[in-house]
Amino acid sequence: MIGSTFAKTICTICYEDLKPIVEDLQSISVCGHVFHELCLQQWFEYSASKRKNSCSVCKQTCYLNGVNRLYFQSIGDASDPIVSQNALNLGEDPGVLRREVKRLEVKVEGLTSALERNQNDLKELNEELCLCKEQFKEEVALKNEALKQKAFIQQLLYSKSQDLDKSNLESLRLQERNMALAKELAALKLVSDLNLDEEGVLKLDSFGNEANNKDTIDILKRSLVIRNKSYKELMAKCNLLGRGEARSVRKLEKAKGKIQKLKTRVQELETANEVKDNEVLRALIASKKKNR
């Protein structure tokens, strides 16, 4: 009883008996293990879906092109009890044949259901892959939009910086002009400290020669009028420059505030862009792990 149990050979894929005379058998050349031809082909198809081809017994890596078919020659006679029993079981007993057909039908149904499950799994994986591709496209579109917005903000920041530089140069020029006008005004004030009027001019002119009194008076009158007019014009220009300088200072402060806001916005966009990139990478890594 023990000897008959250990003498029995089976296929470790379907756990059915191996019948070398009546069945097609194949062996893996790497390890030498023997299986049914159909079982081994289905095993390789299943392993290909899992992306790992290996022997079902020893788990060594193997491939379909490394499989050899086994051929056997029978030297027994018809009186051999094993051969005669196989012949009787396969050729003469209809009940055995029906049971064999039923077993094969059940096996086919099991393989069909396994194939359907594999097809459903493949369909789900394809749907998940399509979803991941769509998400990746959306992330790429968002990233491109963020990059465009970043480039636009950088260009705007550059233009504002140029405007600020121009404003600074204009402010320096106005300050220099204001300083020159202040010096000129100070000089005019020093000249006008005498507060000469027409009577004072006549009195000063009485000390001169009698023949040149009229011409001297006319010249002094014109000088006084021109001096007063120049003084008023200079005061008006000084007021205008003072108001212009105040406006330039206000514009400069506003420009500095805008530049600071733009820099803060650029930093926020860069941070958001990095966060999105990290999320996309984590999603891709998770999808790859899930596909495996």
Is there a side-chain contact between S287 and F136 in this structure, where contact means two heavy atoms from C-beta onward sitting under 4.5 Å apart?
no
Would you call Q60 and H33 a side-chain contact if the rule is heavy atoms closer than 4.5 Å?
no
Out of curiosity, Q162 CD to L164 CG, how far, rounded to the nearest 0.5 Å?
11.0 Å
If the condition is side chain to side chain contact (heavy atoms under 4.5 Å, CB included), which residues does D163 pass it with, not counting sequence neighbours?
K160
Testing the 3.5 Å rule here: is there a donor-acceptor pair between the side chains of Q42 and Y46?
no
Test side chain to side chain contact (heavy atoms under 4.5 Å, CB included) applied to K150 and Q154, step by step:
CA-CA 6 Å; K150 179 182 176 182; Q154 287 179 348; 3.2 Å; yes
Is there side-chain contact between F35 and I28, with heavy atoms separated by less than 4.5 Å?
yes
So, for Q26 and R69, which heavy atoms are closest and what is the spacing to 0.1 Å?
CG-CA, 3.9 Å
Is a side-chain donor or acceptor of N273 paired with a backbone partner of L269 at a separation under 3.5 angstrom?
no
Would you call R173-E170 a salt bridge at under 4.0 Å N-O?
yes
Please assess E145 against L142 for the test side chain to side chain contact (heavy atoms under 4.5 Å, CB included), listing each intermediate value before the final yes or no.
CA-CA 5 Å; E145 185 66 24; L142 291 175; 5.6 Å; no
What's the separation between atom OG in S54 and atom OH in Y63, rounded to the nearest 0.5 Å?
10.0 Å
Please say whether more than 12 non-hydrogen atoms of neighbouring residues, nucleotides or ligands are located less than 6.0 Å from CD in Q155.
no
I'd like to check the side chain to side chain contact (heavy atoms under 4.5 Å, CB included) partners of E134; sequence neighbours left out, ordered by chain and number.
L131
Can you measure from NZ (K261) to OG1 (T264) and round to the nearest 0.5 angstrom?
9.5 Å
Write down the atom of L262, the atom of L157, and the distance for their closest heavy-atom approach.
CB-CD1, 4.1 Å
I'd like to know if L240 and M235 are part of one continuous hydrophobic network [Ile/Leu/Val/Met/Phe/Trp/Tyr, side-chain heavy atoms within less than 4.5 Å].
no
Show, in sequence, the C-alpha distance, side-chain angles and deciding distance for C55 and W43, and conclude whether the side chain to side chain contact (heavy atoms under 4.5 Å, CB included) test is met.
CA-CA 9 Å; C55 176; W43 175 260; 6.0 Å; no
Which heavy atom of N68 sits nearest to which heavy atom of S29, and what is that distance?
ND2-CB, 3.7 Å
Let's go through H36 and E23 carefully: what are the C-alpha distance in whole Å and the side-chain angles of both, what is the deciding distance for side chain to side chain contact (heavy atoms under 4.5 Å, CB included) to 0.1 Å, and is it a yes or a no?
CA-CA 8 Å; H36 291 120; E23 293 178 335; 2.8 Å; yes
Honestly curious: do I10 and L18 fall in one hydrophobic cluster under the side-chain, below-4.5 Å linking rule?
no
Between CD on residue E245 and CZ on residue R177, distance to nearest 0.5 Å
13.5 Å
May I ask you to test the L70-P20 pair for a side-chain heavy-atom distance under 4.5 Å?
no
same_hphob_cluster(L38, L25) at 4.5 Å side-chain heavy-atom cutoff
no
Heavy-atom nearest pair, C39 first then I13, reads O-CD1, 3.7 Å
Hey, could you give me the NZ/CG distance between K254 and L252, rounded to the nearest 0.5 Å?
12.0 Å
Which atom pair, heavy atoms only, marks the closest approach of T12 to V57?
OG1-CG2, 3.2 Å
For K251, side chain to side chain contact (heavy atoms under 4.5 Å, CB included) partners two or more places apart
none
For the atom pair CG (D121) and CD (E128), what is the distance rounded to the nearest 0.5 Å?
11.0 Å
